[in-house]
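Some notes on the structure that comes next.
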Amino acid sequence: RWPYTLTVGKDVSNIFVTATTESEYSTVSGDGIINLNKGWNNIVILVTSELGATRTYTMMVYREFNVENILSYILTSDGDLDPEFDEDTEDYILEVDEDVTEISITGRPKDPAAHVVGNGLYDLTGIKQKDVKITVTAEDGISTKTYNIRIKKNFEGSSFLESLEVRNGSMTPEFNKLVTSYSVNVANEETSLDMIYTPEDENATVTVVGNKNFVVGVNDVEIRVTS
């Protein structure tokens with residue numbers, strides 16, 4: 001009949017409840033050592049008089065949830081985090097070699113009861129960089145923290161093009177960085193190729209030779225990439 005409330009910390013797994021009756025002839029049930037779950041716990045104490053009359057006392061005990069939302073470490077199957085992992089640092093760069101096609105990333109929460117989203121195997125085929133987020137949600141379901149990892153492929157020293165497109169002609173075969181010879185058909189009035197190209201190594205130098213004053217027939221154009 002009479003509600004009472006009590007809040008205890010997350011590490012309190014049980015409490016000892018003592019109830020004393022007004023009459024020495026009354027009996028009490030529901031007291032003693034009470035194990036607590038996280039969240040609200042309903043404790044009912046029943047007092048029975050000598051004549052059998054009863055009175056119920058209700059105690060609502062709230063055991064707090066853990067609000068820890070940090071990782072203890074991040075493991076990667078390739079490369080090293082920069083800067084070195086720290087639980088309070090949220091942003092990282094992870095450099096891998098250009099031939100890495102997939103990478104596994106695993107973040108372990110400091111609190112085993114926390115929930116982590118973002119762990120897994122990531123496909124790196126055909127891309128220069130990828131952003132990965134690992135989000136930790138604390139046991140309370142409210143407190144969150146996100147760690148950001150930018151995966152970058154290291155193309156330093158590469159003399160390949162990443163992409164090549166001709167906008168005013170039809171190029172065959174389709175671009176592949178390992179293929180170095182292509183045929184392009186353009187209209188008679190075209191005097192040069194309108195090209196868009198991107199080197200794998202952003203510091204590489206691209207030089208185009210022969211791309212002007214086209215004549216009817218075959219014209220040779222060279223794209224030279226110097227790392």
Side-chain angles (χ1 to χ4, degrees), residues 2-19 29-46 56-156 162 200 202:
W2 308 108
Y4 299 90
T5 60
L6 173 67
T7 299
V8 299
K10 60 183 175 61
D11 296 324
V12 178
S13 60
N14 60 67
I15 58 175
F16 187 80
V17 178
T18 302
S29 62
D31 58 348
I33 297 177
I34 309 296
N35 293 322
L36 301 177
N37 297 316
K38 294 289 182 68
W40 286 106
N41 297 262
N42 186 28
I43 300 174
V44 177
I45 298 174
L46 181 65
T56 300
Y57 295 85
T58 301
M59 179 183 294
M60 299 295 295
V61 181
Y62 184 79
R63 180 182 174 189
E64 295 177 335
F65 288 95
N66 199 335
V67 296
E68 198 166 45
N69 59 1
I70 56 179
L71 294 177
S72 58
Y73 60 79
I74 297 177
L75 292 179
T76 63
S77 60
D78 206 300
D80 296 310
L81 293 177
D82 183 23
E84 186 176 331
F85 177 77
D86 182 276
E87 62 187 32
D88 295 322
T89 301
E90 298 178 2
D91 299 314
Y92 299 90
I93 299 295
L94 177 62
E95 289 193 351
V96 298
D97 292 336
E98 63 175 300
D99 58 352
V100 175
T101 58
E102 63 181 20
I103 190 168
S104 174
I105 298 179
T106 304
R108 178 63 60 86
K110 203 163 190 178
D111 174 21
H115 181 62
V116 178
V117 175
N119 289 340
L121 189 65
Y122 290 90
D123 184 12
L124 303 181
T125 304
I127 61 174
K128 293 183 70 173
Q129 70 178 36
K130 187 179 189 70
D131 291 329
V132 172
K133 295 182 180 293
I134 300 180
T135 300
V136 187
T137 302
E139 185 184 32
D140 67 352
I142 300 173
S143 304
T144 63
K145 187 181 186 72
T146 299
Y147 295 84
N148 305 295
I149 303 173
R150 172 158 290 182
I151 305 170
K152 298 177 67 175
K153 285 193 174 182
N154 185 1
F155 290 104
E156 183 177 356
E162 178 185 2
E200 282 189 336
E202 61 184 13

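Treat the numbers as computed from the prediction; the structure is a model and nothing was measured.
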Distance col, row Ile74:CD1 vs Tyr92:OH, nearest 0.5 angstrom, shows 5.5 Å
Measuring only between side-chain heavy atoms, which start at C-beta, is Val132 closer than 4.5 Å to Ile103? no
Contacts satisfying side-chain hydrogen bond (donor to acceptor under 3.5 Å, both in side chains) that involve residues 66-88 (not counting sequence neighbours) are Asn66-Asp111, Glu87-Lys110
Interatomic distance, CG@Asp31 vs CZ@Phe16, rounded to 0.5 Å, equals 7.0 Å
dist Leu36:CG -> Ile15:CD1 (nearest 0.5 Å) comes out at 5.0 Å
Could you tell me whether the side chain of Asp97 and the main chain of Asp99 form a donor-acceptor pair under 3.5 Å? no
So CG of Asp123 and NZ of Lys130: to nearest 0.5 Å the spacing works out to 7.0 Å
Counting only heavy atoms not in Leu121, do more than 12 fall under 6.0 Å of its CG?
yes
Can you tell me if Glu90 has over 12 outside heavy atoms packed within less than 6.0 Å of its CD?
yes
Output for pair (Leu124 CG, Glu102 CD), nearest 0.5 Å, gives 8.0 Å
- Query: Any side-chain heavy atom of Asn148 sitting closer than 4.5 Å to one from Arg150?
  - Reply: no
Strictly by modelled atom types, are Thr135 and Thr146 linked by a side-chain donor-acceptor pair under 3.5 Å? yes
Taken to the nearest 0.5 Å, the spacing of Thr7 OG1 from Arg63 CZ works out to 13.0 Å
Shortest non-hydrogen pair, Tyr147 vs Val136, comes out as CE1-CG2, 4.1 Å
**Prompt:** Would a 4.5 Å heavy-atom cut-off, applied to side chains only, mark Ile151 and Ile127 as touching?
**Reply:** no
Residues Asn154 and Glu95: closest non-hydrogen pair is ND2-OE1, 4.4 Å
In terms of heavy-atom contacts, Ala138 and Ala114 come closest through CA-CB, 4.3 Å
- Arg108 and Thr106: side chain to side chain contact (heavy atoms under 4.5 Å, CB included), yes or no, with the steps? CA-CA 7 Å; Arg108 178 63 60 86; Thr106 304; 5.6 Å; no
Does any part of the side chain of Ile134, heavy atoms only, come nearer than 4.5 Å to the side chain of Asn119, both counted from C-beta?
yes
Which atom pairs, donor and acceptor, lie under 3.5 Å between side-chain atoms of residues 38-46 and protein residues at least two apart or in another chain?
residue	atom	partner	partner atom	Å
Lys38	NZ	Glu139	OE1	2.8
Lys38	NZ	Glu139	OE2	3.1
Asn41	OD1	Asn37	N	2.8
Asn41	ND2	Asn37	O	2.9
Asn41	ND2	Gly39	O	3.1
Asn41	ND2	Val61	O	3.3

| query | Judged by atom type as modelled, is there a donor-acceptor pair below 3.5 Å linking the side chain of Lys153 to the main-chain atoms of Val100? | reply | yes
